[in-house]
Visitor: 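Structure incoming, see below.
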Amino acid sequence: WINAEEIEKKRDISSEFKGIDGILVAPGFGNRGVEGKIRAIEYVRKHKIPFFGICLGLQCAVIEYSRNVCGLKKANSSEFVETEQNVIDMMLDQKKLLTKGGTMRLGSYPCILKKGSLANKIYKDQIINERHRHRYEVNNAFRETLEKNGLIFGGLSPDGKLVEMIELPQSVHPFFVAGQFHPELKSRATKAHPLFREFVKASLAHKEISGAKTKKKK
């Protein structure tokens with residue numbers, strides 16, 4: 001475990017990642033530890049350590065990429081703070097439901113995977129169904145900027161309005177994948193969800209490569 005709140009306090013966080021071969025940023029609500037999660041994602045992105053984000057993990061990854069790659073320094077989520085760069089926000093249809101108290105996207109939804117994407121290769125399919133439990137989405141107003149700067153939207157809702165998965169090209173990063181949904185709800189000890197399986201595989205590969213580099217230095 002890496003304590004996201006502790007990372008927020010430190011200037012140099014490299015010691016937190018010694019011997020780490022993969023980072024999973026898990027789901028959650030509220031702003032506790034969020035800036036630490038964003039710093040952790042920046043570190044693993046730059047150091048090419050396998051990354052897997054779930055729900056809030058995807059949102060933190062989008063915020064990190066917006067700030068540090070796209071130059072949107074005020075990028076944030078409207079769940080935490082209102083800025084002119086809320087790259088994560090409640091969609092218009094959800095805002096209309098505020099008075100009814102039903103803003104959360106719950107249950108199973110279909111997702112169309114981008115042909116040839118890492119997500120497509122992992123699932124070995126183009127149409128998938130995953131379970132959701134969240135209120136906030138990637139803000140469509142910033143999608144073009146994110147794409148122009150190299151972020152891939154590996155999965156979208158059938159109407160193309162909602163981002164379900166993000167990734168980086170494997171030419172840039174060995175394994176950088178996040179989903180807006182909750183794959184842990186469909187994963188079993190005897191039948192791992194493909195995203196968990198491939199994340200663990202990528203982490204083991206990173207361990208092998210890191211071990212080989214350490215031996216060479218000696």
Side-chain angles (χ1 to χ4, degrees), residues 1-90 94 103-106 130-139 142 146 149 151 163-168 173-185 187 193 195-196 199-200 202-204 206-207 210:
W1 290 92
I2 293 175
N3 189 322
E5 288 179 288
E6 287 301 313
I7 288 179
E8 289 179 347
K9 300 171 191 173
K10 293 183 177 182
R11 179 173 288 183
D12 180 8
I13 63 172
S14 58
S15 61
E16 296 285 337
F17 296 90
K18 281 183 180 173
I20 297 291
D21 295 297
I23 290 288
L24 187 152
V25 177
F29 289 94
N31 63 359
R32 182 178 166 220
V34 161
E35 289 300 325
K37 291 172 186 179
I38 291 168
R39 285 190 74 193
I41 294 167
E42 180 186 13
Y43 186 92
V44 298
R45 177 178 59 79
K46 287 180 173 178
H47 289 83
K48 303 188 189 304
I49 298 170
F51 162 75
F52 179 27
I54 299 176
C55 200
L56 180 63
L58 175 143
Q59 295 171 7
C60 288
V62 170
I63 294 169
E64 187 279 319
Y65 204 82
S66 299
R67 289 179 186 176
N68 299 315
V69 179
C70 303
L72 303 171
K73 297 301 178 187
K74 293 182 180 177
N76 218 312
S77 168
S78 55
E79 181 181 1
F80 314 133
V81 64
E82 287 289 342
T83 80
E84 63 271 24
Q85 294 176 350
N86 282 133
V87 293
I88 304 297
D89 199 3
M90 234 184 250
Q94 289 167 291
T103 56
M104 191 174 280
R105 187 149 70 107
L106 282 169
E130 294 286 1
R131 291 166 66 183
H132 294 67
R133 189 177 185 272
H134 62 95
R135 282 191 177 87
Y136 296 85
E137 311 278 357
V138 175
N139 189 337
F142 295 93
L146 287 159
N149 283 278
L151 192 69
V163 172
E164 298 283 18
M165 295 192 74
I166 63 163
E167 61 184 68
L168 287 177
H173 194 288
F175 191 94
F176 192 99
V177 178
Q180 184 61 81
F181 44 80
H182 289 262
E184 72 275 15
L185 299 176
S187 200
H193 188 287
L195 286 170
F196 283 103
F199 170 61
V200 170
S203 300
L204 288 169
H206 183 273
K207 186 177 183 179
S210 299

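Throughout, numbering of the chain's residues begins at 1 and tracks the sequence. Below, each value reflects all heavy atoms present in this structure, side chains not excepted, and no hydrogens, waters or symmetry copies.
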Visitor: Between Glu16 and Lys10, does at least one N-O distance fall below 4.0 Å, as a salt bridge requires?
Guide: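 Lys10 and Glu16: salt-bridged.
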
Visitor: Using a strict 4.0 Å threshold on nitrogen-to-oxygen distance, state whether Glu5 and Arg32 make a salt bridge.
Guide: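 Yes, this pair counts.
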
Visitor: Got a second to check how far Ser77's OG is from Met90's CE, nearest 0.5 Å?
Guide: 9.0 Å

Visitor: Say you draw a straight line from CG of Asn86 to CZ of Phe80; how long is it, rounded to the nearest 0.5 Å?
Guide: 10.5 Å

Visitor: Classify the ring geometry of Phe176 against His173: parallel below 30°, tilted from 30° to 60°, perpendicular beyond 60°.
Guide: perpendicular

Visitor: Hey, does the side chain of Ser210 reach the backbone of His206 with a donor-acceptor pair shorter than 3.5 angstrom?
Guide: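 Yes; judged by distance alone, with no hydrogens or angles, the pair exists.
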
Visitor: Starting from the C-alpha separation in whole Å, work towards a yes-or-no answer on side chain to side chain contact (heavy atoms under 4.5 Å, CB included) for Phe181 and His132.
Guide: CA-CA 5 Å; Phe181 44 80; His132 294 67; 3.7 Å; yes

Visitor: Between Asn139, Val163, Ile63, Leu56, which is the residue that forms a side-chain contact (heavy atoms from CB on, under 4.5 Å) with Ile88?
Guide: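 Of the listed residues Asn139, Val163, Ile63, Leu56, the side-chain contact (heavy atoms from CB on, under 4.5 Å) partner of Ile88 is Ile63.
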
Visitor: State, yes or no, whether a side-chain contact exists between Arg135 and Glu79 at a heavy-atom distance under 4.5 Å.
Guide: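 They are not in contact (no side-chain heavy atoms under 4.5 Å apart), so the answer is no.
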
Visitor: Indicate the atoms forming the closest heavy-atom contact of Val34 with Glu8, along with that distance.
Guide: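 Looks like N-OE2, 3.6 Å.
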
Visitor: Can you measure from CZ (Phe196) to CD1 (Ile54) and round to the nearest 0.5 angstrom?
Guide: 4.0 Å

Visitor: What's the spacing between Gln85 CD and Ser78 OG if we round to 0.5 Å?
Guide: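 So the gap between those two atoms works out to 13.5 Å.
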
Visitor: Can you give me the closest heavy-atom contact between Pro27 and Cys55, atom names plus distance?
Guide: CB-CB, 4.1 Å

Visitor: So do the side chains of Asn76 and Arg67 get within less than 4.5 Å of each other, counting heavy atoms only?
Guide: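 In short, these two side chains touch, coming nearer than 4.5 Å.
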
Visitor: Which is it for Phe17 and His47 under the side chain to side chain contact (heavy atoms under 4.5 Å, CB included) test, yes or no, and what are the steps along the way?
Guide: CA-CA 10 Å; Phe17 296 90; His47 289 83; over 6 Å; no

Visitor: Taking the side chain as every heavy atom from C-beta outward, state whether His193 and Glu130 have any pair of such atoms under 4.5 Å apart.
Guide: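 Yes, close enough: below the 4.5 Å cut-off.
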
Visitor: Check Lys37, Lys73, Arg45, Lys46 against Glu64 for a salt bridge (charged side-chain N to carboxylate O under 4.0 Å, His left out) and give me the one that passes.
Guide: Arg45

Visitor: Taking all non-hydrogen atoms of both residues, which atom of Cys60 and which atom of Ile41 are closest, and how far apart?
Guide: CB-CD1, 3.6 Å

Visitor: Can you check whether Asp89 reaches Phe142 side chain to side chain, under 4.5 Å on heavy atoms?
Guide: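 No, side chains not in contact.
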
Visitor: Search all heavy atoms of Ser14 against all heavy atoms of Asp12 and return the closest pair with its distance.
Guide: OG-OD1, 2.8 Å

Visitor: Roughly how far, to the nearest 0.5 Å, is OG of Ser66 from CG of Leu151?
Guide: 8.0 Å

Visitor: Rounded to the nearest 0.5 Å, what separates atom CG in Leu168 from atom OH in Tyr65?
Guide: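 One finds 5.0 Å between CG of Leu168 and OH of Tyr65.
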
Visitor: May I ask you to test the Tyr43-Ile7 pair for a side-chain heavy-atom distance under 4.5 Å?
Guide: no

Visitor: Can you find a heavy atom in the side chain of Val138 that is under 4.5 Å from one in the side chain of Leu58?
Guide: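 Result yes, sub-4.5 Å side-chain heavy-atom pair found.
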
Visitor: Contact between Phe29 and Arg133 at the side-chain level, heavy atoms closer than 4.5 Å - yes or no?
Guide: yes

Visitor: If we only count heavy atoms from C-beta on, is the Leu24 to Glu184 side-chain gap below 4.5 Å?
Guide: no

Visitor: Salt bridge between Glu6 and Lys9, side-chain N to carboxylate O under 4.0 Å?
Guide: yes

Visitor: Indicate the ring-plane relationship of Phe52 and Phe199, choosing parallel, tilted or perpendicular according to the 30° and 60° boundaries.
Guide: tilted

